[in-house]
Amino acid sequence: MDLRAPKGTQDILPPESERWRRVLDLAHRLFHVYGYREIILPVMEYTEVFARGLGEGTDIVRKEMFTFLDKGGRSLTLRPEATAGVARAFVQHRLDKAGMPVKLYYCGPMFRHERPQKGRYRQFHQLGVELMGSSHPSADAEVILLCSEFLRSLGIASRLVLNSVGDASCRPAYEEALRAYLHGRAEELCPDCRRRMEVNILRVLDCKERQCAGVIAGAPGLGDYLCEACRHHLQAVEELLGAAGVEFSREERLVRGLDYYTRTVFEFQDPVLGGQNALAAGGRYDRLVEEMGGESVPAVGFSVGLERVMNAGPSFPPGGREGIYLVAMGKEARKQAFLMARHLRAEGLRCDLDHLDRSLKAQMKEADRQGYRFCIILGEEELRGEYLTLRDLETGTQERLEAEGGRRVEAVLRRLEAWMVTRWKQTPGS
RNA sequence: GUGGGGGUAGCUCAAUCGGCAGAGCACUGGGUUGUGGCCCCAGAGGUCGCGGGUUCGAGUCCCGUCCCUCACCCCA
């Protein structure tokens with residue numbers, strides 16, 4: 001094969017695309033119910049949006065971005081995540097001036113230049129929410145609850161882990177203490193961790209290397225260094241989650257890869273998957289909007305990895321047969337079927353007919369293969385006798401519909417009305 | 001960037017010691033001159049990833065190369 005989709009990207013074909021559609025429809029409905037509204041952003045930003053937003057030292061900014069120059073020589077980057085772009089748009093359009101909080105959700109492709117593997121792609125899709133303008137613990141709790149509800153409604157079991165990474169008033173002191181501790185035992189750490197000490201020291205805590213485990217176990221705990229305000233915040237979030245019946249566990253070693261997080265961080269993990277087990281993750285980012293040049297606006301959000309969610313096997317009730325396939329034989333009947341299809345479609349009914357000049361048998365086979373509920377047979381006999389033959393492909397029963405004066409569409413609609421067959425015209429916006 | 005596994009029909013895969021490239025599913029047609037699914041019959045479908053080498057003969061052995069995949073790192 002000469003031409004393929006680029007490495008780490010994939011085509012999502014039917015029927016898989018239909019599973020995606022269902023997940024997205026459910027998400028849109030659920031986020032709407034929680035009072036969030038959609039924001040649609042460019043998939044590229046000027047590079048400094050991410051460099052400043054995520055932190056120069058993060059892996060994403062250092063080596064995972066698709067970056068290129070536009071014709072004016074300005075550096076652009078395909079978004080590796082969405083939150084920085086949301087913050088940029090928030091500042092650009094002065095959304096804080098129109099009244100807060102601002103509750104937004106987004107959905108779309110993200111890009112990271114990494115070696116692909118299961119659950120990790122160069123183009124992947126995220127769906128997420130941002131609640132901006134509130135520092136109240138109930139904002140954190142709502143966002144976490146929403147994420148939890150989303151996964152639960154898909155029938156996906158997941159484990160929620162929660163932590164606080166402190167804020168500007170307490171984290172520096174902790175990092176100092178951690179640095180002092182690790183400095184004395186640097187020889188015992190893996191090479192990666194020695195590098196992490198310089199770049200983002202918190203992530204040493206997250207290391208899975210055996211040799212580091214002992215060192216990490218003896219390290220000062222972040223929890224002990226949280227300031228009074230952060231401690232109360234975390235406690236309040238936990239209380240609300242508990243009251244809402246959301247199960248979680250405290251994970252003192254949980255640290256996020258992006259610099260913008262403050263206080264609350266969390267992750268929903270797939271209990272069965274090994275490596276790429278983070279289905280969704282998020283946290284509070286009280287400094288990001290200011291970093292983008294706006295006022296100081298606290299915010300909290302999450303993002304779910306759609307490929308990973310799809311991989312976790314969301315369960316749906318099986319979709320049934322739907323629509324009508326018009327089977328026609330002979331030139332005049334085909335013409336009549338063509339016109340009937342046009343009218344039935346205008347009524348919002350899923351409807352199709354043969355375009356390959358195939359036999360009646362082959363047309364019926366196609367109707368079955370494409371999942372149509374009904375077949376309407378229109379041949380010489382039907383034309384002459386002014387009736388239609390309607391066959392239910394599910395039950396295998398067949399009947400005759402009278403259509404005097406060639407009023408075929410009316411005959412069909414009248415009959416289907418009795419079954420309350422779905423039409424999009426009757427359920428706009430769903 | 002570092003390792004492991006793998007590339008044969010549209011898909012999932014087989015092919016013994018180096019000896020005529022196959023199966024299941026899917027597809028098309030027929031069995032039924034106007035009736036889907038189940039069954040039966042038939043058909044179509046191949047650059048054995050690519051290039052070179054060894055050999056009378058290579059899907060199979062050797063060298064190179066490309067691609068896919070899983071894992072590490074990191075992350076959704």
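The sequence lines fix the lettering, A, B, ..., with proteins before strands; numbering per chain opens at 1.
B:rG10 sits 35 Å from B:rC75 when the C1' atoms are compared, rounded to a whole Å. The separation of B:rC25 from B:rA14, taken at their C1' atoms, amounts to 15 Å, rounded to a whole angstrom.
In terms of phosphate contacts, A:Arg321 brings no side-chain nitrogen or oxygen within less than 4.0 Å of OP1 or OP2 of B:rG36.
Between the CZ atom of A:Arg203 and the P atom of B:rC75 there is a distance of 5 Å, given to the nearest Å.
Geometrically, A:Arg350 engages A:Tyr372 in a cation-pi contact, judged by NZ or CZ lying under 6.0 Å from the ring centre and within 45° of the ring axis.
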Please determine whether salt bridge (Lys or Arg N to Asp or Glu O under 4.0 Å) holds for the pair A:Arg345 and A:Asp352, giving the CA-CA distance in whole Å, both sets of side-chain angles, and the decisive distance to 0.1 Å.
CA-CA 9 Å; A:Arg345 287 163 173 165; A:Asp352 202 4; 3.4 Å; yes

Dump the intermediate steps for side chain to side chain donor-acceptor pair (under 3.5 Å) on A:His136 and A:Ser134, then the final yes or no.
CA-CA 5 Å; A:His136 199 279; A:Ser134 167; 5.6 Å; no

Grab the N/O contacts between the protein and nucleotides 66-70 of chain B below 3.5 Å, and write none if there aren't any.
residue : atom : partner  : partner atom : Å
B:rC68  : OP2  : A:Lys7   : NZ           : 2.8
B:rC70  : OP2  : A:Lys118 : N            : 3.2

Quick one: which protein N/O atoms are closer than 3.5 Å to N/O atoms of nucleotides 32-34 of chain B? Pair and distance per line, please.
residue : atom : partner  : partner atom : Å
B:rG34  : O6   : A:Glu381 : N            : 2.8
B:rG34  : O6   : A:Glu382 : OE1          : 3.3
B:rG34  : N1   : A:Glu382 : OE1          : 2.7
B:rG34  : N1   : A:Glu382 : OE2          : 3.1
B:rG34  : N2   : A:Glu382 : OE2          : 2.6

Counting primed atoms, P, OP1 and OP2 as sugar-phosphate and everything else as base, the B/S/- map of nucleotides 39-46 of chain B against protein heavy atoms under 4.0 Å is --------

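Residues in residues 124-141 of chain A take part in these salt bridge (Lys or Arg N to Asp or Glu O under 4.0 Å) pairs, two or more places apart or across chains: A:Asp140-A:Arg284. Pairs engaging residues 374-392 of chain A under the salt bridge (Lys or Arg N to Asp or Glu O under 4.0 Å) rule: A:Arg373-A:Asp392 [sequence neighbours left out].
Looking at residues two or more places apart in sequence or on another chain, you find a ring pair (Phe, Tyr, Trp, His ring centres under 6.0 Å) between A:Tyr285 and A:Tyr260.
Not a single donor-acceptor contact under 3.5 angstrom links the side-chain atoms of A:Arg369 to the base of B:rG37.
A salt bridge is defined here as a Lys NZ or Arg NE, NH1 or NH2 lying under 4.0 Å from an Asp or Glu carboxylate O, and A:Arg21 with A:Glu18 fails to meet this definition.
In terms of position along RNA chain B, the nucleotide closest to A:Glu366 lies nearer the 5' end than the nucleotide closest to the other residue of the pair A:Asp59 and A:Glu366.
Centroid-to-centroid, the aromatic rings of A:Tyr36 and A:Tyr105 stay 6.0 Å apart or farther.
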